[in-house]
Amino acid sequence: MSILENLNIEQRKAAERVEGPLLILAGAGSGKTRTVTFRIAHMVLEKGISPYKILAVTFTNKAAREMKERVEGLIGEEAKRVMVSTFHSFGVRLLRMYGSKLGYDSNFNIYDADDQKRLVKNIMKDIGITDKNTTPARVVSAISKLKEEGITPEEYAADSRGFLESYRTVSAVYSKYNVALKNNNAMDFSDILVNTNKLMDDLEIREKIQERYQYIMVDEYQDTNKIQYEIVNKIAAKYENLCVVGDEDQSIYGFRGANIQNILDFEKDYPNAFVIKLEQNYRSTENILEAANHVIKNNESSRGKNLWTDKKGGQPISIIEAKDGREEAYFILQEINALKNQGYNYKDLTILYRTNAQSRAFEELFIKFGIAHKIFGGMQFYQRAEIKDIIAYMNVINNPKDSLSLMRILNVPKRKIGPATINKFREYAEANEMSLFEALGHTDDIKLGPALKITITEFYNGMMSLMEEAEYMPVSEIFTEILTTFRYKSYLEGIGDDRVEERLENVEELRNSITEREKNAEDLTLGEYLENISLVSATDDMEESKDYIKLMTIHNSKGLEFPVVFIAGMEDEVFPSQKADFDTGQLEEERRLCYVAITRAEKTLYICHANERFVYGQSQYRSRSRFLEEIPPHLLESKTKIEKPVQKKKPSASKGVENFNPFKKKVVGSADLNLPYSVNDRVTHKKFGLGIVRNANEKTVEVEFTAGKKKFLTAAIDKFIQKA
DNA sequence: TAACCTATCTTTTTT
DNA sequence: AGATAGGTTA
């Protein structure tokens with residue numbers, strides 16, 4: 001009897017098809033991880049395929065780890081020889097081995113978004129960009145997208161739109177930026193993919209890899225971009241044993257170049273492909289699934305599928321309407337307490353939101369009431385200044401060519417090395433074709449005051465000896481050395497503001513995390529450590545067994561499932577994002593995101609929205625999300641925790657409860673007018689009193705009250721103000 | 001060079 | 001509102 005007896009018919013068909021191209025269209029919650037793990041087990045146990053020849057690409061390290069564990073549960077130790085990895089980890093591994101072919105040393109550093117921004121900023125300053133309409137952050141995101149779409153600086157420079165200033169800016173920075181990265185022996189996230197792809201064009205390497213990985217599986221294929229697509233297809237070209245798994249309705253990474261077309265075109269790429277649809281959902285109740293299906297069917301991009309469940313009925317979806325963001329958080333807290341009384345644990349509960357900034361209201365409240373919770377993603381630990389400083393020291397020790405990291409620490413702690421001095425060394429380094437760090441050893445050739453010369457030599461010698469020692473030193477000791485020899489800890493203690501404690505705690509937390517890693521991996525090298533922390537994703541350290549409420553963006557919830565889900569901030573301009581307002585493509589991606597959010601829930605789903613929200617410290621009136629209107633009313637149940645002053649109207653009895661739509665739009669008097677208000681109109685507000693219109697367009701009206709300026713959406717304006 | 005003040009930006013989403 | 005950058009002063 002085959003182990004595949006454990007699967008349903010469709011899953012089994014997919015798992016036993018081991019040879020040739022295979023497309024698994026796996027709806028949300030249809031057991032694709034189960035299918036893929038059994039498929040691997042079947043390959044090894046029943047088809048006699050060496051686990052060494054199997055490559056499985058997942059979206060996060062967490063997914064990779066889990067898949068490995070589950071395969072191990074089926075086939076034992078052998079599972080360790082299967083290569084289960086994310087694209088980035090896989091790429092880095094190859095690049096450490098073969099990167100010299102592309103001119104990199106094997107100890108290259110990996111730059112995160114913050115590093116990218118600082119590098120771009122330096123370049124913009126160096127080449128004297130005066131373009132006021134752009135920022136380093138924008139240039140970085142433009143460059144990353146270009147890279148992941150496979151467009152080189154040369155190709156971009158030749159673009160006919162080059163007469164536009166923004167194009168010229170990006171173009172000028174793009175090539176310089178690449179040169180700088182290379183000089184620093186560093187790669188950004190996109191480079192990892194781009195360079196891996198380049199390696200595959202080396203015949204010798206490609207053949208080696210093709211022979212090694214004769215069986216390939218790619219999860220979340222709908223979110224691969226052009227470069228990832230090319231990497232996979234180059235490796236698979238020889239044996240064509242390529243199995244891709246995905247769901248076009250869950251493609252949510254377009255902003256970083258993901259191309260939904262990759263999955264839609266798989267059958268064109270491989271005309272002999274075998275296609276399997278997994279349509280039975282094992283996760284959610286019928287109600288939740290029906291809501292999700294109703295939302296997604298509004299997308300042109302959806303091919304339509306027939307996702308079903310045998311969990312008939314289920315609880316209705318609870319809608320929570322709040323006055324403002326704070327009240328929303330408070331209502332959710334009340335509901336959490338109620339659930340707790342019903343026997344739920346915190347670990348069953350998850351709050352999802354569109355943007356990281358929304359986590360704040362919850363965090364404040366949960367801290368205040370001492371509720372166990374954990375926020376995944378957002379302002380990450382490794383982005384805090386003191387942590388980045390220490391990492392920068394480590395980066396330089398690992399790779400002295402890393403001038404960007406070096407510039408970060410040269411004057412941290414303060415050594416009286418200002419921009420003027422740094423520039424002298426930069427010029428010297430450039431003129432003599434050496435790295436900035438090397439230049440620090442040539443203090444005799446550069447005009448410096450005697451005191452400065454001593455400080456710099458001291459720093460240089462200190463780093464040199466630590467670099468030598470570091471080869472045989474555990475990371476935790478290198479860490480201690482940095483704190484002591486370079487007096488980083490006393491520097492933090494001496495800052496003397498109210499956050500000294502917090503910074504020192506963070507530093508201790510870093511020490512703990514290093515020791516923790518060393519426990520799990522003996523002989524952890526500095527290079528391995530740095531690589532590890534560069535490639536962690538937000539949910540990698542999630543521990544399902546720990547009893548805390550989980551908070552994360554919907555993007556980060558991809559691939560996960562939770563008994564109870566709260567979707568917060570279900571308002572137009574928030575979700576869908578206001579950025580998607582005039583772009584159907586983006587609106588469809590937002591809708592897919594909504595689909596992902598709904599389908600995370602197993603038993604209970606709450607959708608929450610507020611009528612007023614602070615954005616950039618300004619109060620704005622909001623209407624509920626258009627996506628909410630796409631859910632049939634009979635699946636919804638309005639839930640209000642605090643009595644509203646004016647809420648007398650009850651649904652008329654004749655309509656019946658089933659047809660009662662708690663969201664039916666109130667008729668707005670000026671619905672047929674594009675511009676109900678114009679500048680200088682006097683208006684009244686029931687709370688803010690008299691005000692004057694300062695700004696008005698089709699979408700919003702801005703009114704100045706004594707209490708300050710408020711923005712109103714024209715669509716819902718009559719709810720709040722009246723002409724005076 | 002450092003400390004302090006003010007003006008400006010931020011919020012999509014992430015490996 | 002909070003963070004940060006940039007400019008001014010000591």
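Values reported hereafter were calculated over all heavy atoms of this structure, with side chains retained and with hydrogens, waters and symmetry mates removed. Just so it is clear, the structure is predicted and the values come from calculations on it, not from any experiment.
Taking the six-membered ring for Trp and thresholds of 30 and 60 degrees, F362(A) and F366(A) have ring planes inclined between 30 and 60 degrees apart. The aromatic rings of F255(A) and H555(A) stand perpendicular to each other, their planes meeting at an angle above 60°, with 30° marking the opposite boundary.
Using a 4.0 Å heavy-atom distance criterion, I417(A) is classed as a sugar-phosphate-only contact. In this structure, P136(A) reaches neither bases nor backbone, as no heavy-atom distance under 4.0 Å exists between it and the strands shown. Within 4.0 Å of K579(A), counting heavy atoms only, lies at least one base atom of the nucleic acid. In this structure, E364(A) reaches neither bases nor backbone, as no heavy-atom distance under 4.0 Å exists between it and the strands shown.
Pairing each heavy atom of R96(A) with each of N107(A), the nearest pair is NH1-C, 3.7 Å. In plain terms, the two heavy atoms of Y253(A) and E589(A) that are nearest each other are N-OE2, 3.6 Å.
Atom P of nucleotide dT11(B) and atom CD of Q358(A) are separated by 14 Å, given to the nearest angstrom. Q618(A) has its CD atom 15 Å from the P atom of dG2(C), to the nearest Å. Between the CD atom of Q586(A) and the C1' atom of dT11(B) there is a distance of 14 Å, rounded to whole Å. Taking atom CZ of R384(A) as the reference point, atom P of dA3(C) lies 12 Å away to the nearest angstrom. Per the geometry, CZ belonging to R138(A) stands 11 Å off P belonging to dT11(B), to the nearest Å. R118(A) places its CZ atom 15 Å from the C1' atom of dT4(C), with the value rounded to the nearest Å. Spacing between atom CD of Q383(A) and atom C1' of dT10(B) amounts to 15 Å, rounded to whole angstrom units.
Using P as the reference atom, dT13(B) and dT4(C) are 15 Å apart when rounded to the nearest Å.
Set against dG6(C), dT1(B), dG2(C), the side chain of K121(A) has dG6(C) as its closest nucleotide.
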Polar pairs (N or O, both sides) under 3.5 Å between protein and nucleotides 13-15 of chain B?
| unit_1 | atom_1 | unit_2 | atom_2 | d |
| --- | --- | --- | --- | --- |
| dT13(B) | OP1 | N356(A) | N | 2.6 |
| dT13(B) | OP1 | N356(A) | ND2 | 3.3 |
| dT13(B) | O4' | R354(A) | NH1 | 3.2 |
| dT13(B) | O2 | R354(A) | NH2 | 3.2 |
| dT14(B) | OP1 | T553(A) | OG1 | 3.0 |
| dT14(B) | OP1 | N556(A) | ND2 | 3.0 |
| dT14(B) | OP2 | N356(A) | ND2 | 3.2 |
| dT15(B) | OP1 | A538(A) | N | 3.1 |
| dT15(B) | O4' | R256(A) | NH1 | 3.4 |
| dT15(B) | O2 | H88(A) | NE2 | 3.1 |

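For the pair R591(A) and F627(A), the cation does not sit on the ring face, since its NZ or CZ is not both under 6.0 Å from the ring centre and inside 45° of the axis.
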task: Begin from the C-alpha positions of N532(A) and R517(A) and carry the test side-chain hydrogen bond (donor to acceptor under 3.5 Å, both in side chains) through to its verdict.
output: CA-CA 10 Å; N532(A) 257 261; R517(A) 273 165 210 270; 3.2 Å; yes
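A donor-acceptor distance shorter than 3.5 angstrom exists from the side chain of T455(A) to the backbone of A451(A), with no hydrogens or angles considered.
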